[in-house]
There are 2 protein chains.
Amino acid sequence: MTTRWLTPEEQRAWHAYLAASTLLEDALDRQLQQEAGMPHLYYAVLAVLSDAPDRRMRMTDLAEHAKITRSRLTYVVTRLEKDGAIRRENCQWDKRGSIAALTDEGLALLERLAPGHVEAVRKSVFDHLTPEQVGQFEEICSAIAAAIEGEEAQRNAPDDLPWRRRSCSSGQ
Amino acid sequence: MTTRWLTPEEQRAWHAYLAASTLLEDALDRQLQQEAGMPHLYYAVLAVLSDAPDRRMRMTDLAEHAKITRSRLTYVVTRLEKDGAIRRENCQWDKRGSIAALTDEGLALLERLAPGHVEAVRKSVFDHLTPEQVGQFEEICSAIAAAIEGEEAQRNAPDDLPWRRRSCSSGQ
DNA sequence: AGTTATTGCTTAAAACTTGAACCAAGCCCT
DNA sequence: AGGGCTTGGTTCAAGTTTTAAGCAATAACT
């Protein structure tokens, strides 16, 4: 099949997105790096953790919520543990498991950082969008996220489905 | 001043954005990494270059267009030069200057990669947006990009504006 | 019970990014 | 011309990310 190129409108949107997302990531990183010597992702991980029941989560769950790989998370948690913001605990039910728990110190850090971070997000994003645009933005981003997570689900399923391969092909 | 937190709508939009942008970046990286052994950014740099007049650009210009730091670009170009996709040339008018030129090989590479990349962008993004949403997306992203570039301009200007500081404040 | 997957997480090496220094070339002033 | 400042670009060390192994515990099968 011959390639369906992007329409001019799509191209404009794509360029704008590329610019916005890299600039935004940089801006947030810079702000938090100055404020706390940590990149935005690390703050995000702390934030996810702070919303979890009992402020603790299994590594894999945490990785999924933060949309990052497990190995990346291992690194992040190791660093934050050195900083004293997170403590690792052993999982009782599953002895392989590891649990990341937000310490009081970590919570305090997060609370100290939150205002500046929110302010940065406002200044870069929400101060410049109308309420309708905020809604549109959410819909669009949700659609994108859903699409990609759908693809991934497919990519990870192809083989290990016991049905499908075994039967069905007998008629071929 | 007391912090203006995000409204629930803004929070939802922000979460959706965070998820979408990280997933998207990962998806594009993975696709291009498989296809060509290079991350998305490297492709983007080649693409910018291919649109430039005569397919060559000063390093600083290229960095600005790609929204990355000069030092990051130096690294990228060095790698792509090793791959044979880019050649460095000396600038005639300004002997400090360095020019990145897309080679024929680089252009061929780009053309080989383009269909798969566009397909990935479609699958992840545009196949799931209505035409109206494409327009909204562009507006929103442009607003964000403009906001951040505006801030940066301010951050880099603060001192060296001869006017402003001198006059104007006399009436205060 | 005894393999054989699978899952949860970590590790190690290579690739990439960042930020601060650095150097050379232009610029501006007298 | 001779200082000092700015600009264009690179370099280096430290930090981060990725990928592919790796290891241990669990689940699944027979």
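Every chain is numbered from 1, with letters handed out A, B, ... down the list of sequences. Note that this is a predicted model, so its numbers are computed, not measured.
When rounded to the nearest whole Å, the span between NZ of B:Lys95 and P of D:dT6 equals 24 Å. Look at CD on B:Glu64: it is 10 Å from P on D:dG9, rounded to the nearest Å. Regarding A:Ile99, its CD1 atom lies at a distance of 13 Å from the P atom of C:dG8, rounded to whole Å. Taking atom CG of residue A:Asp83 and atom P of nucleotide D:dG15, one finds them 11 Å apart after rounding to whole Å. A:Leu62 has its CG atom 13 Å from the C1' atom of C:dC9, to the nearest Å. Atom CH2 of B:Trp93 and atom P of D:dG8 are 13 Å apart (whole Å). Protein atom CZ of A:Arg96 is 10 Å distant from nucleotide atom P of D:dA25, rounded to whole Å. Between the CE atom of B:Met38 and the P atom of D:dT19 there is a distance of 15 Å, given to the nearest Å.
Using a 4.0 Å heavy-atom criterion, one finds that B:Thr60 contacts the sugar-phosphate atoms exclusively. Note on B:Asp29: nothing from the nucleic acid sits closer than 4.0 angstrom, heavy atoms only. Residue contacts shown for A:Ser98 are limited to sugar-phosphate atoms, with no base heavy atom under 4.0 Å away. Among the heavy atoms of the strands, none lies under 4.0 Å from B:Arg30. Looking at heavy-atom distances under 4.0 Å, A:Ile68 makes no contact with the nucleic acid at all.
Nearest nucleotide to the B:Asp94 side chain, out of C:dT17, C:dC9, D:dG8: D:dG8. Candidate nucleotides D:dT10, C:dC16, C:dT17 were compared by shortest atom distance to the side chain of B:Met59, and D:dT10 ranks first.
At least one donor-acceptor pair closer than 3.5 Å links the side chain of A:His128 to the backbone N or O of A:Lys123.
Each of A:Gly37 and A:Gln92 was assigned the nucleotide of DNA chain D with the nearest heavy atom; the assignment lying further toward the 5' end belongs to A:Gly37. In this structure, B:Thr78 and A:Leu41 both approach DNA chain D, and ranking their closest nucleotides by distance from the 5' end singles out B:Thr78. Between A:Leu73 and B:Val76, the residue whose closest nucleotide on DNA chain C is further toward the 5' end is A:Leu73.
Below 30°, between 30° and 60°, or above 60°: for B:Trp14 and A:Phe126 the angle between ring planes is above 60°, a perpendicular geometry.
Remark: A:Arg58 is in phosphate contact with C:dC9, judged by side-chain N or O atoms under 4.0 Å from OP1 or OP2. Residue A:Tyr75 has a polar side-chain atom (N or O) positioned under 4.0 Å from OP1 or OP2 of D:dT16.
A donor-acceptor pair shorter than 3.5 Å can be found between the side chains of A:Thr78 and A:Arg88. If you check the side chains of B:Thr103 and B:Glu105, you find no donor sitting under 3.5 Å from an acceptor.
For D:dT17, its base never sits under 3.5 Å from the side chain of A:Arg72 at any donor and acceptor pair. Judged by atom type and distance alone, B:Ser71 reaches the base of C:dG19 through a side-chain donor-acceptor pair under 3.5 Å.
Under 4.0 Å is where a charged nitrogen must lie from a carboxylate oxygen, and between A:Arg72 and B:Asp26 no such pair does.
Every pair passing side chain to side chain donor-acceptor pair (under 3.5 Å) that includes a residue from residues 61-70 of chain A is listed here, sequence neighbours excluded: A:Lys67-A:Glu149.
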